[in-house]
2 protein chains.
Amino acid sequence: MERDTKQRRAIRDIFAREHRPLSTEEVLTAGRAFVPSLGIATVYRTINSLAHEGWIHSVELPGEPIRYERCGKPHHHHFICRGCGLAFDVAACPEDVERLAPPGFVVDAHELVLYGRCPGCHQA
Amino acid sequence: MERDTKQRRAIRDIFAREHRPLSTEEVLTAGRAFVPSLGIATVYRTINSLAHEGWIHSVELPGEPIRYERCGKPHHHHFICRGCGLAFDVAACPEDVERLAPPGFVVDAHELVLYGRCPGCHQA
DNA sequence: GACCAAATGATAACCGATTATCAAGAGTGC
DNA sequence: GCACTCTTGATAATCGGTTATCATTTGGTC
């Protein structure tokens, strides 16, 4: 993974542009706008290599396929639209989650997922 | 799925006794304490039938195998222990989650998962 | 206790997701 | 532009999880 190919450039660009986690299918579809011949194997290879070098990381949401997003974003959560199925970033956080755990449980991380309809799917 | 067998009784009892979501593997292991010959196929069949009749429902947590818990529990969330890997119920809820979504997003449900160590794994 | 249909358990089959294979294509340095 | 090697893309192989198959076992009923 050293050469600068148009496939890798396209996939990097997609992650840099979209500020939300993307599935392999989304990357494939978006990537084909730049490189029509793009194959799924290249998507997996490139995602694995970008994840390995710490440029993206996986985002697992309940009942959803694994998605990936750029590393280094500030703490945030996610919203899944029941209409279009896309995952969006949510900047806010309930903050005091440590207090929610029963006595004796030590919390070191938390994950919040909101479900509903995005602005685009709201009226539909 | 009509007869009352010791396998089904065992699996029902397990779900009634454990107040936390269980994976198929956990059900298999716990069930073998009652019915040593219990097979994984019967676990899947019984879980599917209990889910179909609305007695249990699936719980999907990020990056975890699907678990099942009894229906009818009050609203709650889950805690995953990094030590033993078990999922526990958390009664509390951050309440005002709807406000966390960006403007234009309509929230109809939410899921909160806490990660850390349960009392049993804390000192270890 | 005997009968019969339903349930069980071992295992094969299946399924979607991911990875490996390998011939063809394309960066990089000269 | 050439050569050399890495990368790509089509597809076969693989993998873990779940379901189907089928001979055997076992509730439920008479």
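So that the names make sense, note that chain A is the first sequence line, chain B the second, and so on, each numbered from 1.
The phosphate of C/dT19 has neither OP1 nor OP2 within less than 4.0 Å of any side-chain N or O from A/Tyr44. Checking the phosphate oxygens (OP1, OP2) of C/dT8, no side-chain nitrogen or oxygen of B/Lys6 falls inside 4.0 Å. Close to C/dG9, at under 4.0 Å from its OP1 or OP2, lies a side-chain N or O of B/Gln7. Applying the 4.0 Å criterion to OP1 and OP2 of D/dG27, one finds that B/Thr5 has every side-chain N and O outside that range. Distances shown here put a side-chain N or O of B/Asn48 below 4.0 Å from the OP1 or OP2 atom of D/dT19.
Nucleic acid contact class of B/Leu38 (heavy atoms, under 4.0 Å, all strands): sugar-phosphate only.
When each of C/dA5, C/dG9, D/dG9 is scored by its nearest atom to the side-chain atoms of B/Val35, the top-ranked nucleotide is C/dG9. The side chain of B/Ala41 has C/dA10 as its nearest neighbour among C/dA5, D/dT8, C/dA10.
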Taking only N/O atoms, report every protein-nucleotides 1-3 of chain C pair under 3.5 Å with atom names and distance.
none

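In this structure, A/Arg45 places its CZ atom 9 Å from C1' of C/dA20, rounding to the nearest Å. Rounded to whole angstrom, the span from the CZ atom of B/Arg8 across to the P atom of D/dT25 amounts to 18 Å.
With hydrophobic clusters built from ILVMFWY side chains whose heavy atoms lie under 4.5 angstrom apart, B/Phe79 shares a cluster with A/Leu112.
Over its length, the helix from C/dG1-D/dC30 to C/dC30-D/dG1 turns its helix axis by 30°, as judged from the five terminal pairs at each end, rounded to 10°.
Judged as a side chain to side chain donor-acceptor pair (under 3.5 Å), and not counting sequence neighbours, A/His52 has no contacts.
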